[in-house]
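What follows is a short report on a single structure.
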Amino acid sequence: MTLAGLAPRKRRKRAPAEHTPAEQHPIAQVVLDVQALHLGQTFDYFIDEKDSEAAQPGVLVRVRFGGQRVSGVIWARTDTSDTPRSSIRYIERVLSPDVLVPASMREDISLVAKAYGGTRANILRFAVPPRVAKVETEQRLAASFRRPVGGSLPDNTQGGFAGRGTNPDGTKPAGSTFAVASTVSEGAAQGYRRLTANYADVNVLHDALTGQRFQSFVFDSLPGAQEWQRNMAWMVATALSAGKAAVVELPTMREVEDLMPMLRNYGLKPFAPAPAGGWVGDVAVLNAETMPAADRYRTYLAVALGQVKVVIGTRAVMYAPVAGPALFAILEDAAYQNMDGMMPYPQARGVMRLRAKSHGGVFVAMANARTPQSQWENTGPDTVETPVSGYSTAIHPLASPLKNATPWVRWLNRDELARLADPSIGARVPHTAVRVLSKALESGPVLLSIPQDNVSETLSCAKCHRQVRCAKCSGPLQLPADRRDSTPRCRWCGAAAINWKCPGCGHERMRVVRVGAAGTAAELAGLFRGVPVVLSSKTQGLVRDVACQPMIVIATPGFEPRVRPVSAAQGTSGHEYRAVAVLDAWTSLYALGVDARLDTLTAWMRAVSLCAPRSRGGQALILGETDPAIAQSLMLWDSRILAAKDLEERVETGMPPAVAAACVWGRRDAVMTLMQRIGALGGDWTACGELPGMLGPVPIAQPDTVDARELEATADRVKAVIRVPQSRRAELAARLHRETARHVASREPGELRFRVDPKDLI
């Protein structure tokens with residue numbers, strides 16, 4: 001029944017559209033924007049003859065899938081299909097004629113998906129930004145300027161959107177080169193002379209950047225407020241001079257802002273609007289978090305079509321669609337920002353190295369603190385080639401330049417203060433440190449690095465204060481969330497610590513240690529009266545830079561303000577702190593996680609690298625007790641000390657990178673069923689050498705949700721760890737993908753997810 005005047009409008013049936021299959025390669029294999037693991041293959045569609053020219057591999061299309069329209073990318077075109085012709089539909093629309101996913105990028109995406117147990121659709125979700133049609137329109141209407149990289153003279157002989165001179169699939173023709181301004185080549189030559197005077201084996205890196213085969217490097221940088229920027233800019237300029245593109249992944253946008261001025265010094269210009277219309281430049285920035293959608297799509301399109309040869313940015317830059325041999329460099333490869341938060345959880349270091357190997361380019365992992373992964377690749381006794389790792393050559397500073405560039409680092413622990421007869425032993429800032437900092441404040445700013453603002457809880461021995469570890473797997477112990485059960489349990493394997501005894505002193509009692517840094521500014525303001533105090537942290541807000549004049553700067557790791565000169569006469573010293581002090585060093589003894597010591601050393605070396613060298617009176621202080629390996633690595637500025645010790649312990653305990661590991665989490669029955677299917681329970685992966693193949697399961701908290709059905713699906717939530725030899729890493733990813741896809745396709749109840757090569761096993 002309907003009311004008068006509201007009867008439904010009668011629709012005339014439309015005649016089905018007439019289609020004519022394309023004469024050449026009429027079948028398109030399309031990767032659809034469908035994230036389910038069991039739908040990760042390509043699907044076949046007919047190409048209409050009228051769309052044949054535009055529907056090239058790598059373009060975006062719109063198709064029917066089931067009862068809905070979805071977007072996809074044409075992966076390839078063929079003549080035949082295993083699907084019956086009566087079941088194949090036609091592509092409804094080609095969204096853009098531009099090749100957004102070139103052939104080399106499609107190959108890279110397939111390799112990344114296979115390495116981390118995901119699908120190509122999972123990677124495309126990160127790699128290709130959402131399309132903005134107006135960007136394509138404005139670029140086609142604008143004139144394109146052809147000029148040498150790093151040059152400034154336009155060449156109006158070419159039109160269009162800088163996509164000229166490419167193959168139909170968006171790749172560069174074999175043997176193609178592009179012009180480079182003389183300022184880039186001259187600057188690269190000057191930088192090479194500087195590096196050869198400061199680093200060993202730089203000639204090997206230079207030959208790789210100018211050569212045509214894959215090589216991997218670990219770069220240990222000297223301290224200095226602008227040292228890593230100079231080294232990274234030189235590598236980019238050298239790669240450009242050799243006709244290669246460059247992709248640089250940085251932890252945050254602060255490092256992007258630090259690197260851009262150095263690239264400008266080589267004559268490279270940022271990708272920006274041109275006076276005559278359109279966008280031109282040499283260096284593009286990619287960032288998925290803060291960039292507007294139009295700017296991100298514009299940058300991606302410019303890189304895909306070959307207009308920009310240098311791409312820098314945060315984690316999203318690891319999917320920059322460059323073609324041919326290229327430089328893939330990453331800074332601080334141990335940073336948490338390098339871990340992606342969505343399936344299949346790829347890690348930036350592994351993706352960059354995999355792409356460099358696929359392109360026949362160069363991979364460089366640069367950091368102040370060398371990671372156990374880099375140490376294993378350089379000196380590991382059992383280094384093997386996996387899809388995301390393998391042997392690397394180390395570039396390390398020479399002894400004499402290292403000594404001159406390092407500030408005078410002192411470790412003021414209890415023993416050292418007793419030797420100095422300091423009466424303030426046990427104080428947060430002893431008298432010796434107050435004298436050093438007061439002297440430094442006479443000529444410039446002083447940086448005090450404090451732990452994070454939040455409060456954490458851990459367990460230690462009540463007598464010797466050593467962190468409590470599990471006797472089974474060496475994992476950290478914690479009290480359960482349910483205080484009715486007072487038995488500490490391991491955060492890795494879940495084993496209960498019954499009849500625990502400290503291996504160091506034999507004591508049987510534990511104590512709870514709570515770590516916090518609130519109120520530091522008020523406390524230090526009382527010690528240094530009349531001196532301005534600046535606080536930079538996540539809760540207080542980021543202070544980007546401070547003037548080079550006397551003041552106390554208190555900052556948490558990652559929030560250290562840069563120093564800016566107040567006059568040209570200050571020169572290089574105008575970018576440096578006069579002294580750096582690490583407060584509450586004892587908190588490093590109770591940090592959790594597999595990379596706890598590495599993260600501590602990374603934070604401290606990043607802060608100390610902003611200090612003036614000893615030749616200009618720079619001093620750094622470590623206040624409190626800490627692991628001797630961390631202190632020695634910082635005092636000698638040789639992170640290989642801690643990396644070697646970490647790697648040795650990981651070989652003994654069966655931790656990555658000595659083995660390949662994956663975390664599996666979800667509902668308990670789903671996790672245990674998966675472990676049984678992949679062979680971790682009663683199968684060939686029950687043991688990893690002499691160690692158990694599976695750790696756990698351990699209970700984990702439920703996710704934040706308001707959906708009752710999600711609460712039911714995630715009930716009794718646990719996490720487990722599976723370990724296999726590195727030589728079987730690819731098989732581990734394949735088994736996890738296959739069995740998880742089986743779980744999803746069969747609609748088995750319960751949450752189930754996995755992550756290969758996790759940053760932390762907790």
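- The CG atom of N378 sits 7.5 Å away from atom OG1 of T393, with the distance rounded to the nearest 0.5 Å.
- Remark: D684 engages R728 in a salt bridge, criterion side-chain N to carboxylate O under 4.0 Å.
- Within the model, atoms CG of D716 and CG of D669 stand 8.0 Å from one another, a figure rounded to the nearest 0.5 Å.
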Worksheet item: Where do L331 and V248 land on the side-chain contact (heavy atoms from CB on, under 4.5 Å) test, with the steps shown first?
Response: CA-CA 8 Å; L331 178 70; V248 181; 5.9 Å; no
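- Here the options are D627, T600, D599, T626, the test is side chain to side chain donor-acceptor pair (under 3.5 Å), and the partner is S588; only T626 passes.
- Rounded to the nearest 0.5 Å, atoms CG (L111) and CZ (R120) are 11.0 Å apart.
- Taking all atoms of both residues into account, the shortest heavy-atom contact from A497 to L477 is CB-CD1, 3.5 Å.
- A donor-acceptor contact closer than 3.5 angstrom is absent between the side chains of H743 and R677.
- Scanning both residues, R489 and A496, for their nearest heavy atoms gives NH1-CB, 3.6 Å.
- For the pair R650 and P372, the minimum side-chain heavy-atom distance is below 4.5 Å.
- At least one side-chain heavy atom of E255 sits less than 4.5 Å from a side-chain heavy atom of T252.
- Geometric assessment of R735 against the ring of W685 yields a positive cation-pi assignment under the 6.0 Å and 45° thresholds.
- Take R125 and apply the salt bridge (charged side-chain N to carboxylate O under 4.0 Å, His left out) test, not counting sequence neighbours, and it matches no residue.
- Atom-to-atom distance recorded for W411:CH2 and E625:CD is 6.0 Å, nearest 0.5 angstrom.
- Checked for salt-bridge contact, E648 and K645 miss the test: no charged N lies under 4.0 Å from a carboxylate O.
- Cation-pi geometry between R353 and Y391 is not met at under 6.0 angstrom from the ring centre and within 45 degrees of the axis.
- Taking a cutoff of 4.0 Å between a charged side-chain nitrogen and a carboxylate oxygen, R755 and D340 do not qualify as a salt bridge.
- Interatomic distance, E748 CD to T673 OG1, rounded to the nearest 0.5 Å: 7.0 Å.
- For the salt bridge (charged side-chain N to carboxylate O under 4.0 Å, His left out) with D333, the qualifying choice from R349, K759, R370 is R349, the only one to do so.
- Residues T587 and D584 bring no donor and acceptor atom of their side chains to less than 3.5 Å of each other.
- In this structure, the separation between OG on S633 and CG on L598 is 10.0 Å, given to the nearest 0.5 Å.
- Legend: ring pair (Phe, Tyr, Trp, His ring centres under 6.0 Å) pairs involving residues 642-671, not counting sequence neighbours, sorted by first then second residue: Y345-W665.
- Summarising the geometry of A585 relative to W604, their closest heavy-atom pair is CB-CH2, 3.7 Å, with the distance given to 0.1 Å.
- In this structure, the side chains of D757 and R729 come closer than 4.5 Å at one or more pairs of heavy atoms.
- Here the shortest heavy-atom pairing between A121 and V34 reads CB-O, 3.4 Å.
- In this structure, a donor-acceptor pair under 3.5 Å is absent between the side chains of Q540 and S536.
- Between R723 and G654 the shortest heavy-atom distance is NH1-O, 2.9 Å.
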